[in-house]
Amino acid sequence: MTEETTGRQEAFFAFDDDDEREHGRSRRPIAWKPTAVGLLGLLLGLVLAVSGALAWDDSRKLAGYADRSWVIAGTYQDMTNDLQTKTYNPIYRGALPDDEAVTAQPFDSGLADPRVPEAGEEIVFRGTQTGDREGDFHPEADALLAVEDGRLQVVETAEAGEFGDGITAGTITGQRVRAALLLLAGLGVAVGGVWYARRLYSAGH
């Protein structure tokens, strides 16, 4: 074997070793811990941001009833067919506010023809939630009453305590502040998670 041939073989094997090292670098193991931290931060941030967006949307829906509505408590009685879908609405029993202003227009319970009520009168009314079985509805609920189209109506029902003592401008402001804080917290958690994941990755490499 000539020196020239030997040199070519050594060059070939040297190239092969370099190729293996290059592939070894490209096959660097996945950094599971930084990846998990980053994904967890993004997931928690998303949950907080979605909660904030839903809270903001709720405040937007209720803003029109600020300082012109009443809140009453209701106890679940039964369920009835929804008027627009194939699901059901709950039926609640409660009492109208002891306020003469509620007698200034007919009351529409969603279950019978509208009629002028008496202040403090006991009533049954249709809830706004939808479901397929009794377990889908709150046993105790808050009902928000407001005058719409010249009639006193139940415009929203929710879990007991949801509406507090009533919907006011201050209530709406408080809801929007909480919604904004949730959105900011979601953004902060997501950014923080990604930043910490990058720091862990840099420290490990």
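Keep in mind that the numbers below use all heavy atoms, side chains included, and drop hydrogens, waters and symmetry copies.
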(request) Give the cluster check for Val189 versus Leu40: same hydrophobic cluster or not, with ILVMFWY residues linked at side-chain heavy-atom distances below 4.5 Å. (result) yes
(request) Rounded to the nearest 0.5 Å, what's the gap from CG on Leu152 to OG on Ser109? Could you check? (result) 10.5 Å
(request) Search all heavy atoms of Leu62 against all heavy atoms of Gln175 and return the closest pair with its distance. (result) CD1-NE2, 3.9 Å
(message) Minimum heavy-atom separation for Gly166 and Val71, please, with both atom names.
(response) CA-CG2, 3.6 Å
(request) May I ask you to test the Thr157-Leu144 pair for a side-chain heavy-atom distance under 4.5 Å? (result) no
(request) Give the minimum heavy-atom separation between Asp67 and Ala169, together with the two atoms involved. (result) OD2-N, 3.5 Å
(request) Could you tell me whether Asp82 and Lys86 have a side-chain N and a carboxylate O separated by less than 4.0 Å? (result) no
(message) A side-chain contact here means heavy atoms from C-beta on lying under 4.5 Å apart; do Leu145 and Pro97 qualify?
(response) yes
(message) Go through it in stages, so that I can follow the logic: the residues are Asn89 and Gln129, the test is side chain to side chain contact (heavy atoms under 4.5 Å, CB included), and I'd like the CA-CA distance, side-chain angles, deciding distance and then a yes or no.
(response) CA-CA 6 Å; Asn89 299 129; Gln129 308 109 297; over 6 Å; no
(request) State the CE-CG distance between Met79 and Asp136, to the nearest 0.5 angstrom. (result) 8.5 Å
(message) With a 4.5 Å cut-off on side-chain heavy-atom distances among I, L, V, M, F, W and Y, is there a chain of contacts connecting Phe163 to Ile72?
(response) no
(request) Could you tell me whether the side chain of Asp108 and the main chain of Pro114 form a donor-acceptor pair under 3.5 Å? (result) no
(message) Can you pull out every side chain to side chain donor-acceptor pair (under 3.5 Å) where at least one residue sits in residues 165-174? Sequence neighbours excluded, please.
(response) Thr168-Thr171
(request) Find out whether Glu134 and Tyr76 are in side-chain contact, i.e. whether some heavy atom of one side chain is under 4.5 Å from a heavy atom of the other. (result) yes
(request) Find the distance between CD (Gln77) and CD1 (Ile91) and round it off to the nearest 0.5 Å. (result) 8.5 Å
(message) Among residues at least two apart in sequence or on other chains, which ones pass salt bridge (charged side-chain N to carboxylate O under 4.0 Å, His left out) with Asp58?
(response) none
(message) A side-chain contact here means heavy atoms from C-beta on lying under 4.5 Å apart; do Tyr92 and His138 qualify?
(response) yes
(message) Surrounding CZ of Arg68 (heavy atoms of other residues, nucleotides or ligands, distance under 6.0 Å), is the total greater than 12?
(response) yes
(request) Considering non-hydrogen atoms only, spot the tightest contact between Tyr196 and Val37 and give its length. (result) CD2-CG1, 3.7 Å
(request) Work out which heavy atom in Ala95 is nearest to a heavy atom in Gly120; give both atom names and the distance. (result) CB-O, 4.0 Å
(message) Main chain of Ala101, side chain of Gln105: is a donor-acceptor contact present, judged purely on distance under 3.5 Å?
(response) yes
(request) Under the side chain to side chain contact (heavy atoms under 4.5 Å, CB included) rule, what do Leu111 and Thr80 come out as? Steps first, then yes or no, please. (result) CA-CA 9 Å; Leu111 299 169; Thr80 185; 4.1 Å; yes
(message) Using the rule given for side chain to side chain contact (heavy atoms under 4.5 Å, CB included), can you reason through Leu183 versus Leu187, listing the C-alpha separation, both sets of side-chain angles and the distance that settles it, and then say yes or no?
(response) CA-CA 6 Å; Leu183 287 168; Leu187 179 61; over 6 Å; no
(request) Decide yes or no for Tyr88 and Pro90: does some side-chain heavy atom of the first lie under 4.5 Å from some side-chain heavy atom of the second? (result) no
(request) Can you see which heavy atom on Glu140 is nearest to which on Thr75, and at what distance? (result) OE1-OG1, 3.1 Å
(request) Hey, could you give me the OH/CD distance between Tyr65 and Glu148, rounded to the nearest 0.5 Å? (result) 4.5 Å
(message) Quick one, Trp70 and Val102 - any side-chain contact, counting heavy atoms below 4.5 Å?
(response) yes
(message) Within this structure, what is the CG-OG1 distance for the pair Leu83 and Thr130, rounded to the nearest 0.5 Å?
(response) 12.0 Å
(message) Between Ile172 and Ile167, is there a side-chain heavy-atom distance shorter than 4.5 Å?
(response) yes
(message) Check whether Ser202 reaches the backbone of Arg199 with its side chain - one donor and one acceptor, N or O, closer than 3.5 Å.
(response) no
(request) Check whether any side-chain heavy atom of Leu182 lies under 4.5 Å from a side-chain heavy atom of Leu54, and answer yes or no. (result) no
(message) Taking salt bridge (charged side-chain N to carboxylate O under 4.0 Å, His left out) as the cut-off, I'd like each qualifying pair that reaches into residues 113-127, sequence neighbours left out, listed once.
(response) Arg93-Glu122, Arg115-Glu121
